[in-house]
2 protein chains.
Amino acid sequence: MNLQKYPQMALSVEIIIFALHEQSLQVLLAQRTENPYQGQWAIPGGFVQEDESLDKAASRELSEKTGLEGVFLEQLYTFGEPQRDPRGRVVTVAYFALVPADAPIRENNLSEAAHVAWFPVERLPRLAFDHNDILSYALRRLRNKLEYTAVGFQLLPEYFTLSEIQRTYEIILGVRLDKRNFRRRILGANIIEPTMYKRTGEGRPAQLYRFRLDAVAEVKARRLFP
Amino acid sequence: MNLQKYPQMALSVEIIIFALHEQSLQVLLAQRTENPYQGQWAIPGGFVQEDESLDKAASRELSEKTGLEGVFLEQLYTFGEPQRDPRGRVVTVAYFALVPADAPIRENNLSEAAHVAWFPVERLPRLAFDHNDILSYALRRLRNKLEYTAVGFQLLPEYFTLSEIQRTYEIILGVRLDKRNFRRRILGANIIEPTMYKRTGEGRPAQLYRFRLDAVAEVKARRLFP
DNA sequence: CCAAAAGTGTTTGCTCTACACCCATGG
DNA sequence: CCATGGGTGTAGAGCAAACACTTTTGG
């Protein structure tokens, strides 16, 4: 074929994997086993195969790193500065993933001996390549997205209490919210439904809710104009 | 370098170029001069050079196709299905551009003999590759973006009347808006300022405004919750 | 019975929406 | 003086924000 006359490059996908742990928003990072940046922390990822779509490459990498399937995964942005990888031209399609708090992460996978660990987003190490930039872009996008879609549920287990969602929003957005107003709003939005279960523990048992799969979970932004 | 062990691919950029012409939102398309899809209309674009960033490649292509520099240009999405180009693996980073209604488009450029033409978005031909999908995604994103940022000004000349902005919004969103409410809102948003000029023509002359460069042109979306 | 977290309404102010008439200019 | 588009205010409804006490359970 006549594509060879055009410059050929390596393409990678990288996945910013967010989860809530211990009352903070955390990101899964992988320690590099080779040069360049050997030993430094980086956003997990890998190269796109010849016959593989970008989405497939991303979910394959996600499952290789964490063992997870079927979690929320969305393309974020494509980074293509010529000098961003010292080995040569590598263009990276960044994705972000939201994994439920109770998801069983298998941290050391067969195919990858890489050491991985969770880091709270406020206390990130210096990352390899341009990964600090990529991560802060992902974080901005997550916060933004949280404000006009119901994507926050992706970070919760299947059954959750109203206080748990509220805490989720408070953690990610970094604000305190009024309990009564929050409940009125979320129940009015008609995107969750009560279940027959309750969570017991300290204090009065709480009603467990779950996300409604048929919910239209997007808010019309208030237009700048009309 | 050791990048050669990873699959290498061709990378292209394509630019969906929007403008307002004759009371409708139009897109600039290029007729393909070679196979595959010879003679069919396609989104203009080209391959990314070895030492060129994605943004640079996009603005180079835009200026080759239209002669324009410095117009609004934003990365849209990256399309990477393995079979989307019959010649082989080509991953495309799509951008979209908004060009002012009065911009002088030089339609036939030296380096490209390609025939280009404007098409209203409601009456598009069948396009080459997966370009119909890409275009409808771009359109959705433009409409969305219009609702919470002041990006609509990118489609207007430097000086414009309030009626002209209102018509811009009506055309793109496909709705009718109330004149008084629209004006109250846009003036309250503090993103435009009156100038010393008026536009004369039929009827009473209209005050000309311009976009304030220091304006914070983003609306906080109403949160789903709080 | 005490500690802990769940659950529940009302009032006030603001924002959005609907709506109709006069004004300035050119022909 | 007439046609054309530009420019202006107000009242009513719906939404958002502030605010404190009672309920249910486990220990």
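Note that this is a predicted model, so its numbers are computed, not measured. Note that these values count all heavy atoms, side chains included, but never hydrogens, waters or copies made by symmetry. The sequence lines fix the lettering, A, B, ..., with proteins before strands; numbering per chain opens at 1.
Note that the CZ atom of B:Phe18 and the CG atom of B:Leu139 stand 5.0 Å from one another [nearest 0.5 Å]. Annotation: the span from A:Thr92 atom OG1 to A:Ile134 atom CD1 amounts to 6.0 Å, rounded to 0.5 Å. Distance check, rounded to the nearest 0.5 Å: OH of B:Tyr77 to CD of A:Gln75 gives 4.0 Å.
Each of C:dA24, D:dT24, C:dA20 was ranked by its minimum atom distance to the side chain of A:Pro205; first place goes to D:dT24. Ranking C:dA4, C:dC19, D:dC19 by closeness to the B:Asp178 side chain, first place goes to C:dC19. Distances were taken from every side-chain heavy atom of A:Ala206 (C-beta onward) to each of C:dA6, C:dC19, D:dG6; the shortest belongs to C:dA6.
If you check every strand for non-hydrogen atoms under 4.0 Å, A:Thr200 touches nothing.
Rounded to whole Å, atom C1' of C:dA6 lies 13 Å from atom CG of A:Leu187. Distance, A:Phe182 CZ to C:dT8 C1': 16 Å, rounded to whole Å. Counting to the nearest Å, the P atom of D:dG14 and the CZ atom of A:Arg185 are 18 Å from each other. Summarising the geometry, the separation between CG on A:Asn181 and C1' on C:dT12 is reported as 13 Å, rounded to the nearest angstrom. Taking atom CD of residue B:Gln166 and atom P of nucleotide D:dG7, one finds them 11 Å apart after rounding to whole Å. Atoms CZ (A:Arg183) and C1' (D:dA17) sit 17 Å apart, rounded to a whole Å. A:Arg204 places its CZ atom 9 Å from the C1' atom of D:dT25, with the value rounded to the nearest Å. Look at CZ on A:Arg199: it is 12 Å from P on C:dG7, rounded to the nearest Å.
Within the 4.0 Å cut-off from OP1 or OP2 of C:dA6, at least one side-chain nitrogen or oxygen of A:Ser163 is found.
Five base pairs at each end of the helix from C:dC1-D:dG27 to C:dG27-D:dC1 define two local axes, and these are offset by 0° (rounded to 10°).
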Take A:Glu14 and A:His131 through the side-chain hydrogen bond (donor to acceptor under 3.5 Å, both in side chains) test and state the conclusion after the steps. CA-CA 9 Å; A:Glu14 290 174 358; A:His131 286 187; 2.9 Å; yes

Dump the intermediate steps for side chain to side chain contact (heavy atoms under 4.5 Å, CB included) on B:Ile186 and B:Tyr209, then the final yes or no. CA-CA 11 Å; B:Ile186 197 170; B:Tyr209 289 81; over 6 Å; no

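Judged by distance alone, the side chain of A:Glu164 and the main-chain N or O of A:Thr161 form a donor-acceptor pair under 3.5 Å.
For B:Arg184 against D:dT10, a side-chain-to-base donor-acceptor contact under 3.5 Å is present.
Each of B:Lys179 and B:Gly203 was assigned the nucleotide of DNA chain C with the nearest heavy atom; the assignment lying further toward the 5' end belongs to B:Lys179.
Aromatic rings from A:Phe211 and A:Phe160 are positioned such that their centres are separated by 6.0 Å or more.
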